[in-house]
Trainee: 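First the structure, then my questions, so here it is.
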Amino acid sequence: MKVTNDMIANQFNELADLLEIDGANPFRIRAYRTAARNIGSLGKPVEEMIKQGQDLTDIPGIGSDLAQKIQEIVKTGRLALLKGTATKFPKQLTELMKLSGLGPKRVKMLHDKLGIKSLAQLKKAIAKGELKKLRGFGETLIAKVQEAVEHREEYKKTTKLTDTELTADQLLAHLKASKAIKDVAVAGSFRRRKEVVGDLDILVSATNAKNAIEQFIKFPLVKTVTARGTTRAAVRLASGLQVDLRVVPKKSFGAALLYFTGSKAHNIALRRRAVEKHLKLNEYGLFEGKSSIAGATEKQVYRALGLPYIEPELREDRGEIEIALHKNLPKLIELDDIRGDLHTHTSETDGTESLEAMAKAAASLGYEYVAITDHSKHLTVTNGLNEKRLRKQIEAIDRLNLRLKGITVLKSIELDILEDGTLDLDDSVLKELDLTVCSIHSRFNLPEKKQTERIIRAMDNRYFNILAHPTGRLVNLRPAYQVDIERIMKAAVERGCYLEINGQPERLDLDDIHCQMAKDLGLKLAISTDAHSSTHFAYMKYGIYQARRGFLEKADVINTRTLSQLRKLLKR
DNA sequence: GCCGTTTTCGGCCCGACTGTTTTCAGTCG
């Protein structure tokens, strides 16, 4: 059986949960969680590393013990220790820890005193009023737990970044309307531009914290207030989204923004660095003894820690601090660096607007070029183009280019990669195009080796330029198909092909980890929107976010080039 | 259980809020 990094990470996390309930050494628990996180975001399958004889202790947070445990999981599929510990406490108990208000101590008490082992048993015990007998369980807490049990599935899911943007904008406008509030920022995973966010974290500086919190709670979409203190409050919106507010004085805004932006792992790494320098970092500032030496801006705090400013997208504790120390931080790509979109559709297939409308919309964004990439004939549900219709479109584009000023429309197509690795239109028409975008739209369930070789065979065709949405995943909806993405990237480098970062919010494919992998392999990428209407051109920014999270710079992306430079890159 | 520009042993980030408690443990981020 194939053992994925996620499977290993899950087992470590599960073990950490059980150890926590057991009251084990908290630092041992943290070691498991750190290991789980680092394995989960590794990009390269650990199974492969073992096969190639690589040293697993090179992975941060993995020592000799955990390296051995990883070996064990890869070999047997399962960690024996997890089985041993799991018999002491039933596995389902870890589910209870996910409920708001229940941590390891209370879950242990539920188990030891009431024999509760599952969500269903907990529900029953609440109904019978058994929880009241327990020390520390008052009326309010029981009500909170009951609420959590009932709404678990509704609340636990994450929200796509794009779905929170409108709420964030409305909330910011609402907060800025208050005279008490000075600075406002959305922090958290939203600011780090993660593809999904669990909640919104809002930070404000205010002359009067009480007024600021009152204004926050008055936001019209608030359904319930779940916490309310003198500097902090939390609400649940009607949509189910949780929003946290933190109020700090202006002189602490930078330190608080740093703290509230996270990630947690990045914060811990920074605080550790502060401790090494005999300083203390918290959300109010960086302190030497009692006196604050930085705090108004993030830049100040980083500088006082001997570091350059680190962009929010990089703050995942994936080596950015080490890289910053060596002054090797990338100058991350920006939206303005993009000169054109290389993946768009028209009403000839499944888009909603005409060729001319799409071209003009691209021109209005200041783009130098735009590629029209309608679907090809194999994708019949979209009325895909056959050779004849594609030739007609080529002629139409030639005519359009004579009329348009300031932008060049590139003749292209989104080809289907068939199961045998051939492309579904004849070379005789492909040679008339400026570029091709190629993708998988069928047979998602092939075994990894077959799927990988299918794609690489397609790349052998000299007219193959860009592999679109390379893993086929849909955020929160569908996992990637089984494919050896590293092998595909290497094959692309050898053949002069490129991979795409698809900016559609439900795709974001390649993801951040794969972007970083591409960069490490020297593979350049295209960032495209896969626009099916002119409004979709705006998805470019989501592609940029992924690219930034993957450490990409302008030079790593082909559609930052001028048209003539791009043409050279596309020549095979 | 990891890790080392003081260290192979002894550290390991830090504070707010809640609810229940009579001074703080548990949870959360």
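What's counted below: heavy atoms across the whole structure, side chains too, no hydrogens, waters or symmetry copies. Chain A is the first sequence line, chain B the second, and so forth, proteins listed ahead of strands; every chain is numbered from 1. Bear in mind the structure is a predicted one, so any value in this text is a computation, not a measurement.
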Trainee: With rounding to the closest Å, how many angstrom separate the P atoms on dT7(B) and dG11(B)?
Mentor: 14 Å
Trainee: Pick out which of Lys105(A), Arg33(A), Arg30(A) makes a side-chain hydrogen bond (donor to acceptor under 3.5 Å, both in side chains) with Glu20(A).
Mentor: Arg33(A)
Trainee: Sort me out a list of protein N/O and nucleotides 3-7 of chain B N/O pairs below 3.5 Å, or just none if empty.
Mentor:
unit_1: dC3(B); atom_1: OP1; unit_2: Gly61(A); atom_2: N; d: 2.8

Trainee: Pick the closest DNA chain B nucleotide for Gly136(A) and for Gly101(A) by heavy atoms, then say which residue is nearer the 5' end.
Mentor: Gly136(A)
Trainee: Could you state the atom-to-atom distance from CG of Leu258(A) to P of dC14(B) in whole Å?
Mentor: 14 Å
Trainee: In Å, rounded to the nearest 0.5 Å, how long is the span from CD1 of Ile126(A) to CZ of Phe137(A)?
Mentor: 9.0 Å
Trainee: Work out how far the C1' atom of dT8(B) is from that of dC12(B), and round it to whole angstrom.
Mentor: 16 Å
Trainee: May I ask you to say what Lys108(A) touches in the nucleic acid, namely base, sugar-phosphate or nothing, with a heavy-atom cut-off under 4.0 Å?
Mentor: nothing
Trainee: Where the side chain of Asp199(A) is concerned, which of dT22(B), dG29(B), dC12(B) is the nearest nucleotide?
Mentor: dG29(B)
Trainee: At 4.0 Å (heavy atoms only), tell me whether Leu102(A) reaches a base, stays on the sugar-phosphate, or touches nothing.
Mentor: sugar-phosphate
Trainee: Measure from NZ on Lys132(A) to P on dG19(B) and round the result to the nearest Å.
Mentor: 17 Å
Trainee: For atom C1', what is the distance between dG29(B) and dC13(B), given to the nearest Å?
Mentor: 12 Å
Trainee: Asp183(A) and Ser205(A): side-chain donor and acceptor closer than 3.5 Å?
Mentor: yes
Trainee: Between Asp6(A) and Thr4(A), is any side-chain donor less than 3.5 angstrom from a side-chain acceptor?
Mentor: no
Trainee: How about Gln242(A) and Asp244(A): does a side-chain donor come under 3.5 Å of a side-chain acceptor?
Mentor: yes
Trainee: Do Glu288(A) and His278(A) have side-chain N/O donor and acceptor atoms under 3.5 Å apart?
Mentor: no
Trainee: Roughly how far apart, to the nearest Å, are dT6(B) and dG10(B) at atom C1'?
Mentor: 13 Å
Trainee: Could you measure between the two C1' atoms, the one in dT21(B) and the one in dT27(B), and give it in whole Å?
Mentor: 16 Å
Trainee: Round to a whole Å and report the spacing from CG of Leu110(A) to P of dG26(B).
Mentor: 13 Å
Trainee: Work out how far the C1' atom of dT23(B) is from that of dT18(B), and round it to whole angstrom.
Mentor: 15 Å
Trainee: Taking atom CG of Leu18(A) and atom CG of Asn13(A), what is their separation to the nearest 0.5 Å?
Mentor: 11.0 Å
Trainee: Distance check, rounded to the nearest 0.5 Å: Leu19(A) atom CG versus Leu81(A) atom CG?
Mentor: 7.0 Å
Trainee: Is the Lys NZ or Arg CZ of Arg236(A) less than 6.0 Å from the centre of Phe219(A)'s six-membered ring, within 45° of the axis?
Mentor: no
Trainee: Could you check if the base of dT7(B) is syn or anti? Syn means the glycosidic torsion is within 90 degrees of 0.
Mentor: syn
Trainee: Regarding Lys264(A), tell me which of base, sugar-phosphate or nothing describes its non-hydrogen contacts under 4.0 Å with the strands shown.
Mentor: base
Trainee: Does Phe190(A) have Arg193(A) sitting over its ring (NZ/CZ under 6.0 Å from centre, angle to axis within 45°)?
Mentor: yes
Trainee: Could you work out which one of dT22(B), dC14(B), dG29(B) sits closest to the side chain of Asp201(A)?
Mentor: dG29(B)
Trainee: With heavy atoms under 4.0 Å as the rule, sort Pro104(A) into base, sugar-phosphate or nothing.
Mentor: sugar-phosphate
Trainee: Please say which of Glu313(A), Gln516(A), Glu316(A) ends up in a side-chain hydrogen bond (donor to acceptor under 3.5 Å, both in side chains) with Arg549(A).
Mentor: Glu316(A)
Trainee: Quickly work out the Phe27(A) CZ to dC2(B) C1' distance and round it to whole Å.
Mentor: 12 Å
Trainee: Calculate the interatomic distance between Asn267(A) atom CG and dC28(B) atom C1'; express it in whole Å.
Mentor: 14 Å
Trainee: Over how many whole Å does the gap from Asp244(A) atom CG to dC28(B) atom C1' extend?
Mentor: 9 Å
Trainee: For dA16(B), which nucleotide in any strand shown is its Watson-Crick or wobble partner with both distances under 3.5 Å?
Mentor: dT27(B)
Trainee: Any base atoms under 4.0 Å from Gly188(A), or only sugar-phosphate, or nothing? Heavy atoms, all strands.
Mentor: nothing
Trainee: Could I get a table of every N or O pair under 3.5 Å where one atom is in the protein and the other is in nucleotides 15-18 of chain B?
Mentor:
unit_1: dG15(B); atom_1: OP1; unit_2: Lys280(A); atom_2: NZ; d: 2.9
unit_1: dG15(B); atom_1: OP1; unit_2: Asn282(A); atom_2: ND2; d: 3.1
unit_1: dA16(B); atom_1: OP1; unit_2: Tyr284(A); atom_2: OH; d: 2.9
unit_1: dA16(B); atom_1: O3'; unit_2: Thr231(A); atom_2: OG1; d: 3.3
unit_1: dC17(B); atom_1: OP1; unit_2: Thr230(A); atom_2: N; d: 3.3
unit_1: dC17(B); atom_1: OP1; unit_2: Thr231(A); atom_2: N; d: 3.0
unit_1: dC17(B); atom_1: OP1; unit_2: Thr231(A); atom_2: OG1; d: 3.1
unit_1: dC17(B); atom_1: OP1; unit_2: Arg232(A); atom_2: N; d: 2.8
unit_1: dT18(B); atom_1: OP1; unit_2: Arg228(A); atom_2: N; d: 2.4
unit_1: dT18(B); atom_1: OP1; unit_2: Arg228(A); atom_2: O; d: 3.1
unit_1: dT18(B); atom_1: OP2; unit_2: Arg228(A); atom_2: O; d: 3.2

Trainee: Starting at NZ of Lys105(A) and ending at P of dT27(B), how long is that distance when rounded to a whole Å?
Mentor: 7 Å
Trainee: Expressed in angstrom and rounded to an integer, what is the separation of Gln146(A) atom CD from dG19(B) atom P?
Mentor: 15 Å
